[in-house]
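What follows is a set of notes on a single structure, which appears directly below.
Worth saying up front: this structure is predicted, and the values here are computed from it rather than measured. Note on naming: letters A, B, ... go to the chains in the order of the sequence lines (proteins, then strands), and numbering restarts at 1 for each one.
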Protein chains: 2
Amino acid sequence: MPPGFRGHGRHRRCQRGPMPQRIDGFIEPALLLLLRNDPTHGYGLMEGLQGLWLRDYPVDSSAVYRTLRGLEEMGMVSSTWDTDITSGPPRRMYRITPDGEEYLAHWADDLRATEEVLRAFLAAYDRRAAEAAGPP
Amino acid sequence: MPPGFRGHGRHRRCQRGPMPQRIDGFIEPALLLLLRNDPTHGYGLMEGLQGLWLRDYPVDSSAVYRTLRGLEEMGMVSSTWDTDITSGPPRRMYRITPDGEEYLAHWADDLRATEEVLRAFLAAYDRRAAEAAGPP
DNA sequence: TTATACTATGTGCAGGTTACACATAGATGC
DNA sequence: GCATCTATGTGTAACCTGCACATAGTATAA
């Protein structure tokens, strides 16, 4: 919030949250994209999200695990318990399925369309801002 | 969905909906931006949304009216019944307030950050897609 | 050996948003 | 009279998010 900004925060939708302004269900494609590189377990994916796109934004572990289970129900990923580890609690390793790759591709299409809407909005916003600042 | 794509649709988050992949609460800044041009009534704003950014995506009237009332509660817009019209049902005209302009600016900052996350995601997606297609 | 911290997976729940269906009503044209 | 367009709303089920909390294995240090 800019300093000096007052208002009824309880009603406000636009607040600094975990993600800038979150895209509905974004962690789903994010997890799938990470899994396309390598099979990984939930905790590792959490760290991957954090480091890759969501620097400075906390990632909720429950969302990660729930989303992974959801994706498995859908058949987009499959999981097995990792037996190779010698230290730490057991890990469930996830890998992407062919259906998951297709699903990810569909997500990418949709996100591209979303990005265009966003770009158009921001361009319109900046255009008006420039006019207000100094019309020729 | 690509043809031939099967799955448990009931669980699927990524489906063609009203907006490509919707940004949480996007109509709020969209309405404010439209109102920055001119005071308008709800129905006119609906048509504005439709024509401007959301071509081909239906706009839910209830979302528009509810959002407008929410913005008014927050003090971001103010409304008066339009007495100048001679035809049709009464119109409630909305105009943006100074608080609303500031709020819109904050939204724009957030949406810019969101757009960057999206761009990074799509770039990563395309990079992998290119490698899969034909590595040098 | 107790305590502490880190890794790792998970459940429960309140609060908020969305999409859909539905309600109401003035004006206009046939 | 009746349909249709304009215009403003309510009700609600389903869903997602963020937060708090539960559980447990391993390692390190006091």
Practice task
Indicate yes or no: does B/E73 engage B/R69 in a salt bridge with an N to O separation below 4.0 Å.
Solution key: no

Practice task
Answer yes or no: is there a donor N or O on one side and an acceptor on the other, between the side chain of B/E115 and the main chain of A/R119, under 3.5 Å?
Solution key: no

Exercise for the section: Strictly below 4.0 Å, heavy-atom distances to any atom of DNA chain C: list the hits from residues 35-42 of chain A, or just say none. Expected result: A/H41, A/G42

Practice task
Take A/I27 and A/P90, find for each the nucleotide of DNA chain D with the closest heavy atom, and name the residue whose nucleotide sits nearer the 5' end.
Solution key: A/I27

Exercise for the section: Kindly say if B/R91 contacts the phosphate of C/dG26, meaning a side-chain N or O under 4.0 Å from OP1 or OP2. Expected result: no

Problem - Validation row: A/E28, A/L71 side chains within 4.5 angstrom (heavy atoms) - result: yes

Problem - Any A/R69 side-chain N or O less than 4.0 Å from OP1/OP2 of C/dT9 - result: no

Exercise for the section: Give the cluster check for B/V77 versus B/M93: same hydrophobic cluster or not, with ILVMFWY residues linked at side-chain heavy-atom distances below 4.5 Å. Expected result: no

Problem - Heavy-atom donor-acceptor pair, B/R36 side chain to A/Y125 backbone, under 3.5 Å - result: yes

Completion exercise
Closest to the 5' end of DNA chain C, once B/G25 and A/W81 are matched to their nearest nucleotides, is A/W81

Practice task
Compare side-chain N and O positions of A/Y65 against OP1 and OP2 of C/dG10 and report whether any pair is under 4.0 Å apart.
Solution key: no

Problem - 5′-ward residue of the pair A/I23/A/S61 relative to DNA chain D - result: A/I23

Handout entry: Estimated bend of the helix from C/dT1-D/dA30 to C/dC30-D/dG1 (axis per five terminal pairs, rounded to 10 degrees)
Key = 0°

Problem - Ion pair check, A/D126 and B/R112, cut-off under 4.0 Å - result: yes

Practice task
Using atom types as modelled and distance alone, determine if a side-chain donor or acceptor of A/T40 lies under 3.5 Å from a backbone N or O of A/D38.
Solution key: yes

Practice task
Report yes if at least one side-chain N or O of A/R66 is closer than 4.0 Å to OP1 or OP2 of C/dT9; otherwise report no.
Solution key: no

